[in-house]
Structure formats: C-alpha cells, structure tokens
Amino acid sequence: MLFIRIINKIGSIYRRLNNRYLFSKVNSNIDTLIIGPDVDSDFLLNHPEKITIGDHVAINGNCYINAEGGVEIMRYCHIGKGLTIFSSNHNYMSDKFIPYDDEIILKPVLIKEFVWIGSNVTIIPGVTVGEGAVIGSGSVVTKDVPNFAVVGGNPARVIKLRDVETFLRLKGECKFK
C-alpha cells in the first residue's frame, strides 16, 4: 500500500485524525507533516531522501514531487491536490542527441514559509517561491515568485501583492494555521 511506503520512506510514526494523516518525524526536526485525505496511489515521491519538509506542512493527494535535484518545503506551507514539482530536467540543448541526451540537469526547488499552493500547480526546476506567496490553482511556475506575491496563470505571473503589513503583524503574533 502506498501509504505504508510513504511512512517507511520518511521514517515516521503516524495517526489518523479526521480523515487526515498526521505524521510526526521520529529522528528529525519536523514537528508535524499532514498528508491530506486525498492521498492515494497517485502520490509519488521521487528521491524522497532529497526532500526537506519543515514543521506544520500540509500536502494533499495526487502529488508528484521529483526531488532528484533537491526540494525544500519550509514550515506552514499548505499544498493543494495535484501539485507537481520537478527539480531535474533533460539536456535538450545537446549537440549529440535529439530530443535530449543522457545528461540530467539538477536545479533545486525552494518553497519558503507560509506559502499557499492551490490545486494542480506545476513548479519547474530551479524555482524559489517566496515567503507568504499564494499560487493560484492551475498555475505553471517557471520563474521565482517574490515574497508576498499572489501569482496565477501559465506561465504564472504576479497578479498582486498581499497586505505585507498585516502579514508581518500576524506572523509576529504567531497566528499560524
């Protein structure tokens, strides 16, 4: 069963709580990792040993995370169903083969604190998603996302900024969810 494989891969103990799986990392600094109720056979972690996940991260199902080049998801991130992250790519600029050669290009992905990622989002290699950013459903993130930005589309572009003053006040008051 995939759920047991996820547990084995991240070396955690777990309990079921309100149709959500709550993970507590045994030998790590992760406080909690919540895997949403939609986790099923389509939840795939490629190179889980290269994934770093911060405290209080919530990830829903149908996700594919290819961490070959490294993926870090910092604390208090909420991730909707259907996220795809790539941290590696083929070398399509090859002068030896088409459509690409055997070289794998590794570029880490960093998702900073307090990020909300909507459903069916794709993040390509080398992207950093800034603190407090919101990524709209269906977006394809091809470039770095600034702190506090609300982005959407394909390719994702900045639509607006969050109210930074309010965000920082709430962060200072430890009003995290």
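If you read the sequence from its start, that first residue is 1, and numbering goes on from there. Because only heavy atoms are used, hydrogens play no part in the values below, and waters and symmetry mates are left out as well, while side chains stay in.
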Q | Sequence neighbours excluded - salt bridge (Lys or Arg N to Asp or Glu O under 4.0 Å) pairs with any residue from residues 116-126 | A | none
Q.
So Ile117 and Ile111, do their side chains get closer than 4.5 Å, heavy atoms only?
A. yes
Would you give me the side-chain donor-acceptor pairs under 3.5 Å for residues 118-131, sequence neighbours excluded?
{"from": "Ser119", "atom 1": "OG", "to": "Ser137", "atom 2": "OG", "distance (Å)": "3.3"}
{"from": "Glu131", "atom 1": "OE2", "to": "Lys171", "atom 2": "NZ", "distance (Å)": "2.5"}

Q) Less than 4.0 Å between a side-chain N and a carboxylate O, is that true for Arg169 and Glu173? A) yes
Q. So, do Ile51 and Leu45 sit near enough that their side-chain heavy atoms are less than 4.5 Å apart?
A. yes
Q) Shortest non-hydrogen contact from Ile159 to Gly152? A) CD1-N, 3.6 Å
Q: May I ask whether Val57 and Val109 are part of the same hydrophobic cluster, defined by side-chain heavy atoms of I, L, V, M, F, W, Y residues being less than 4.5 angstrom apart, directly or through others?
A: yes
Q | Side chain Arg157, main chain Val151, donor-acceptor under 3.5 Å | A | no
Q | Cluster companions of Val134 among Ile, Leu, Val, Met, Phe, Trp, Tyr (side-chain spacing under 4.5 Å) | A | Trp116, Val150
(Q) Other residues, nucleotides and ligands only: do more than 12 of their heavy atoms fall within 6.0 Å of OH on Tyr92? (A) no
Q. Does CD in Glu49 sit with more than 12 non-hydrogen atoms of other residues, nucleotides or ligands closer than 6.0 Å?
A. yes
Q: Please examine the side chains of Leu168 and Phe148, heavy atoms only from C-beta on, and report whether any two atoms are closer than 4.5 Å.
A: yes
Q) Which residue pairs pass the salt bridge (Lys or Arg N to Asp or Glu O under 4.0 Å) test when at least one of the two sits in residues 140-153, sequence neighbours left out? A) none
Donor-acceptor contacts, no H, no angles, side chain residues 95-102, under 3.5 Å, sequence neighbours left out:
{"from": "Asp101", "atom 1": "OD1", "to": "Glu103", "atom 2": "N", "distance (Å)": "2.8"}
{"from": "Asp101", "atom 1": "OD2", "to": "Asn91", "atom 2": "ND2", "distance (Å)": "3.0"}
{"from": "Asp101", "atom 1": "OD2", "to": "Ser94", "atom 2": "OG", "distance (Å)": "3.2"}

Q | Beyond-backbone contact of Ile104 with Ser88, side-chain heavy atoms, under 4.5 angstrom | A | yes
Counting only pairs under 3.5 Å, give me each side-chain donor-acceptor contact of residues 69-76, with atom names and distances, residues two or more places apart or in other chains.
{"from": "Arg75", "atom 1": "NE", "to": "Glu113", "atom 2": "OE2", "distance (Å)": "2.3"}

